Amino acid sequence: MSIGSQPRFRLATLPTPLQEARRLREALGGPERCPRILIKRDDLTGLAFGGNKARKLEFLVADAIHQGSTVLITTGAVQSNHARMTAAAARLAGMRAALVLTSSTEQPEVQGNLLLDRLLDAEVHLLLPESGQTNDEAMEAIAEQLESDGERPYIIPGGGSNAIGAFGYVAGSLELAGQLFEMGVAPRRLYYASGSRGTQAGLVLGAKLYGASYEVYGVAVSPGTGDRSARARTIIEHAADKLGTTVTLDSNDLIHDEGYVGEGYGIPTTACLEAIRLLAQTEAIFLDPVYSGKAMSALIDHVRSGKLASNDTVVFLHTGGNPALFAHGEHLL
Ligand SMILES: *Cc1c(COP(=O)(O)O)cnc(C)c1O
């Protein structure tokens, strides 16, 4: 069964634009020194401030509807973009949302994504370090409670990262392939911020299915490659199986460069902050301090250190995350 015949609940405004970043290229040395940079604007997917999760949720919500679900349950950090977009998707599908959000304090600042979760009136369950529960255990407990109240809960894993969620970027890869074909370009690499690996699974599977010219280059936003690579591989295999195909993966297919993480998840690096300012001041595009800023810092470093040639073309997939900007105000200036 091809990707086009998978059940899909429309949530995103597609296709997102693929834009040439001329001013950024100038700022990085011009055509003599810097490759051509195309920005795939998935920050503009349109669902409640946009971002990459809208693509995954189109397939996940379709599955939830198919199962007759009444509540979407998911999890993430207190400033999770995925949780915010899941809460928004639930509203559009006529469901409720319950969010398990990891927080270091009982009273996190109601700003950015958390503010939007509250406006969407999602049921927010803060998971504090002392709870002794994992995110998955907390979601299971909430699901049981909701079931006994007569609801039909649907659990979406953190980041929407499973085989169904991965269809989002299989479809996204097909969309991008069409745009690249129209422009007549064959990029060498696609840079993006990699977290829970569902985006990677979709992009890598999509690149294989549609014969992409580019290498899918994941820039890690948190440490811990090993077990997560196994997870990416499993997601790809399951998604391929659901599409009635098989793919052969080698270890070079699952790039997850940990060189730009810095101190950890959600802690912006100096290079990330520089990337945020540079994109704002050249292209008037806002990156975020948790994901897309770190991914762009890798691209910039690869340009400056000569790892990319000036006659290369690269794609930067802007995965969104804009609301987090407002929760990090004091770090940004
Ligand atoms: C979730 C997210 C990512 C990472 O996607 P994964 O599928 O979890 O790897 C990247 N950027 C932003 C802004 C995100 O919210």
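Computed over heavy atoms, backbone and side chain alike; hydrogens, waters and symmetry mates excluded. Nothing here was measured: the structure is a model prediction, and the numbers come from that model. As the structure lists them, so they are numbered: ligands from 1, and atoms in each ligand from 1.
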Between Arg152 and Gln67, do the side chains contain a donor N or O and an acceptor N or O under 3.5 Å apart? no
Among side-chain atoms of Thr269 and Lys294, is any donor-acceptor pair under 3.5 angstrom? no
Taking a cutoff of less than 4.0 Å between a non-hydrogen atom of the residue and any ligand atom, is [X] in contact with ligand 1?
X      : value
Gly159 : no
Ser292 : no
Gly320 : yes
His82  : no

Between Phe316 and Tyr191, is the ring centre distance below 6.0 Å? no
Enumerated ligand 1 atoms positioned under 4.0 Å from heavy atoms of [X]:
X      : value
Lys56  : 6 (P), 7 (O)
Asn81  : 13 (C), 14 (C), 15 (O)
Gly198 : 7 (O)
Gly321 : 13 (C)

I'd like to know if the side chain of [X] and the backbone of [Y] have a donor-acceptor N/O pair within less than 3.5 Å.
X      : Y      : result
Glu258 : Gly224 : yes
Arg41  : Gln19  : no
Ser213 : Pro187 : yes

List the closest protein heavy-atom neighbour of [atom]: residue, atom name, distance to the nearest 0.1 Å.
atom                    : value
atom 11 (N) of ligand 1 : Thr319 OG1, 2.6 Å
atom 1 (C) of ligand 1  : Lys53 NZ, 1.4 Å
atom 4 (C) of ligand 1  : Ala193 O, 3.5 Å
atom 8 (O) of ligand 1  : Ser196 OG, 2.5 Å
atom 9 (O) of ligand 1  : Gly195 N, 2.7 Å

Below 4.0 Å, non-hydrogen atoms only: which portion of Asn52 touches ligand 1? Side chain, backbone, both or neither.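 The part of Asn52 near ligand 1 is the side chain, not the backbone.
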State whether the shortest distance between N or O atoms of Ser194 and N or O atoms of ligand 1 falls below 3.5 angstrom. no
Test: Glu175 and Arg55 ion pair at under 4.0 Å: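 Here Glu175 pairs with Arg55 in a salt bridge, since their nearest N and O are under 4.0 Å apart.
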Same hydrophobic cluster for Val290 and Val261, using side-chain heavy-atom links shorter than 4.5 Å among ILVMFWY? no
May I ask you to establish whether Lys53 and Tyr291 are in a cation-pi arrangement, using a distance under 6.0 Å from NZ or CZ to the six-membered ring centre and at most 45° from the ring axis?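 Flagged: Lys53 positioned over aromatic ring of Tyr291.
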Can you measure from CZ (Phe167) to CG (Leu205) and round to the nearest 0.5 angstrom? 8.5 Å
